Structure formats: C-alpha cells, structure tokens
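Just follow the structure's listing: the first ligand is 1, and inside any ligand the first atom is 1. Because the structure is a prediction, the values reported are computed rather than measured. Residue numbers count from 1 along this sequence.
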Amino acid sequence: MNSQTDKKTFTLTDNSSGKQIELPVMEGTVGPRVIDVRRLYAETGCFTFDPGYTSTGSCESRITYIDGEEGVLLYRGYPIQELATNCDYPEVCYLLLYGDLPTQKQQSKFEHDITYHTMLHEQLNTFYRGFRRDSHPMAIMCGVVGALSAFYHDSLDISDPRHRMVASYRMIAKIPTIAAQAYKYSIGQPFVYPRNDLKYSENFLYMMFANPAEDYKANPILARAMDRILILHADHEQNASTSTVRLAGSSGANPFACIAAGIASLWGPAHGGANEAVLNMLEEIGDVGNVSKFIKMAKDKDDPFRLMGFGHRVYKNFDPRARVMQETCHEVLDELGINDEPLLDLAMGLEKIALEDEYFVEKRLYPNVDFYSGIIFKALGIPASMFTVLFAVARTVGWIAQWNEMIEDPSQRIGRPRQLYTGENKRIFKELKDRK
Ligand code: SDX
C-alpha cells in the first residue's frame, strides 16, 4: 500500500499520570490524515471509543474516495458523474477490480469472461424451491449467495490470486441471474436463463421480464438507465455492508459467504433498504399537503421516524449520485411517456420543503442516492421488494473489489474490536436453591 507515514505526530497526554506518547500521523493521497493508534493500548492501557466509527478509519484503500463536504465521489480517481455518463457497468467493474479503465481489448475479454459465467449450477436452481413464494427477495439473495459456498468452497484458495479472480468473476456474473430468479420465483414464473448475446444490463432486464410465452427486448434507453444506476451504486468506501464484507473476510471466510454477509447488512432500512423505504414513505405521505406533518415527525427526537432518502454519514452536501439519479428519473419517465407521476411530483415537493427547513439545513441533510431510485425502479416495472436486491446486484463488484484489496493487504489481520465494559464486575455464584 502507498500511504506515507508522515513525520508529524500527535502527542497524547494522560492527565491522570502526566505520561505522554507520540502517535504517528499517516497521510493519504487526499482527504483527512489519520492518527495511527495501533500502539495506543500497549503504551497506555486504553482503547479508543467510537461507536458507529464516525471518526475511525478501518483500513487503507485505493478504490473509492468521498469528499462529503464537497459532494465528491471518485472511483479509482474518476468522478462518478464522468463514469455514469461515459462508461457502461462492466467497464466500471473492470476499473474497480483492476484500478484502471480497460483498453478496448481488455474490455472485450472481461465482458466475454463475465458473460460465460452468468449461468447458475442447475442444482442451485432447485435451492430456490425451499423458500415460500412470498419470501422477501432479499431473504432469498442471502440464502442463495451463501449457498454458492457449497458449490465452490472446496476449490477456493483465497491466498491464490487466480482463485480469487475466478471467484470474483463468478460473483459479478451470477448476481444478476440470482436476483432475477429471486424475482421470477416470487411471482410464480419460470426462471429465464441468461443469454450470451446480451450486454450485462440488457441481460438482467431480459431475465427479469422475458417469459416462455413471449420474448422480451429491453428498451435501449431503459437498459442504459439500469446500467447507469448500477454504476452509481457500485462502491462507496467503507459503508456498513462493505465493512461487513471486510470483517467477515478478515477471518479467511470464502468470498461467497462474505458477500452473503454484505447482502444481509445492506438490507437494513438505514442502508440499502432505504430505497424501498423511500417509496413506502412517499406512498404513506400520499400528498404534498401532508409533507410538513412527516417533516415534523422526522425532527422529533422522541419519534423514531426518519425522512428516508435523506441524510448521510459522510455527505454533508448533495450526494452526487442523487443528482444523476434525478436526471435519470426524468429520462426514464419521459421515455415511458409518464408525464404525470404523482410520486415524482411528491418527491420533488418533499425535497424542496425539506431543503428549506432549518432543521435539515442545520443538520446538513440532503437527498441521498436512495431518494430517487425507487421512483425509477417503479417506472421500470420493478416491485419495491426488489429495490434493495438491485442495490445488492450493483454493489457486489464493490464488495468483491474491497475483499480482494483486504486479502492482498500485507498488514491485514483478523478484525477484532474491543469495548468499554460497563457490566457487573466479578461476583460470587449462587446455587439455584439459594436465589431468592
Ligand atoms: C446508504 O455509508 C454509505 O456510504 C451508505 C450508502 C452507500 O452507498 O453505501 O451511501 C447507501 O445507505 C444511503 C443512506 C440511506 N439511508 C436513508 O436514507 C435512511 C435515512 N437516513 C438516516 O437514517 C441517516 O441519515 C443515516 C443512517 C443515513 C446516517 O445516520 P447518521 O450517520 O447517524 O446521521 P448523522 O450523524 O449525519 O445525523 C445527524 C443528525 C442526527 O440528529 P442528532 O443526533 O445530531 O440530533 O441528523 C439526524 C440524526 O438523528 N438525521 C435525520 C436523518 N438523518 C440524520 N433526521 C431526520 N431524518 C433523517 N433522514
């Protein structure tokens, strides 16, 4: 890894003993410096304390960089807006995995190799039969992706770069098939096998919407919109689900089990589940006249309600992805001839009111990537229960790129945080007969 151990240090003074220690400061290419606290416990007997990791860097990474103050998102140094406008999703997958944009020859080979891994083992297709038809598709994703370990675990040596890349290609290639089959299973339709003559996003829409009774040809504008949505969701530094994948992988677990853990974490409404929650919230608000009531609830500390699709741990400015999603939303609705989408009108009204409210201004709460995605997915005919599944499809490349980076990092160790213990100190055991 190429961080510089800066000559500057931080001096920490323990005022109870007067002892001081010098902690090295590390400086990356861009962004906040970090104080290296790896010696802190050995030298002071103290841990750091940072629930939610608001001020903690868990690793060194070269994949994605976010400047939350400026609303900047870079994948391997390229601004997300450039990539979303000029690339297709497989091209961005190559960039995240290998660190550079592919040449035409590299792109063609990568797309060919991914295409020829899109089918699932037929035995895995019967695995779906164990779920109820009304299972949430994210539950199916957790189960089926975890089950991939049963098909590839033995032949997987994570210390072998070739094995890791084969597993990475398999994961990127198969996740759309697994997702589309989760949808087909939930609506009682037969699975539609992937086609090798279709591009990644076209193939996904084909597997979602074709059926044996009639063929399906994806509208190129909609396929392009899907491709752009996948790019926007592909990676995002050390978010909850990526950190879950890294922590699971730090024990040496196989990548399929790690990705299944990432899917489980993404499902939460505070994270990837927010896109489904935004649509449910908009439908509950119903009319722009009700917005102020919901904003009041969101501001009430005693009310657990949060304005879904707003706020972000890192962005204290507009989420740059939200702006591209807003543009894509208008393109999709225009292409589909949907001139009157009450949910979009409501979302635009909610956004305007929220961004003028002093609470949201003071707390710097802006629309995030999830605010518009649900409206686009609904317009594409995708049910709300599948929204987070699509997020998982997109984020799989980010998870697998971060997993590879962690395995290749020579300083990587098993993740094992400590704690501040506030429970009972050692006490005398009482026999059951003596307990009153
Ligand atoms: C994603 O990490 C990532 O990168 C995630 C993601 C990715 O690509 O991986 O970007 C994807 O998960 C986007 C976020 C989707 N979630 C939602 O839209 C759910 C609604 N948002 C909130 O739950 C919240 O904003 C979080 C979870 C996103 C962030 O939580 P934090 O870090 O605790 O928020 P914060 O510290 O910035 O909050 C500051 C204040 C707090 O109040 P105080 O304790 O200071 O009094 O703002 C409040 C929060 O309670 N607040 C909100 C709010 N979000 C934060 N109040 C009302 N409505 C909200 N949406």
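Listed by chain and number, H236, N239, P269, A270, H271, A274, A298, K301, R306, L307, M308, G309, F310, G311, H312, R313, K316, R321, Y359, K363, L365, N368, D370, F391, R395 each place a non-hydrogen atom less than 4.0 angstrom from ligand 1.
Taking the side-chain contact (heavy atoms from CB on, under 4.5 Å) definition, one finds that I407 meets it with I158, R164, W403, sequence neighbours left out.
Side-chain N/O atoms of S186 and D134 include no donor and acceptor closer than 3.5 Å. In this model, a donor atom of one side chain and an acceptor atom of the other lie less than 3.5 Å apart for D50 and T56. With hydrogens and angles left out, the side-chain atoms of T388 and N275 include a donor and acceptor closer than 3.5 Å. Side-chain atoms of T64 and H236 include no donor-acceptor pair closer than 3.5 Å.
The ring of F360 has its center no closer than 6.0 angstrom to the ring center of Y366.
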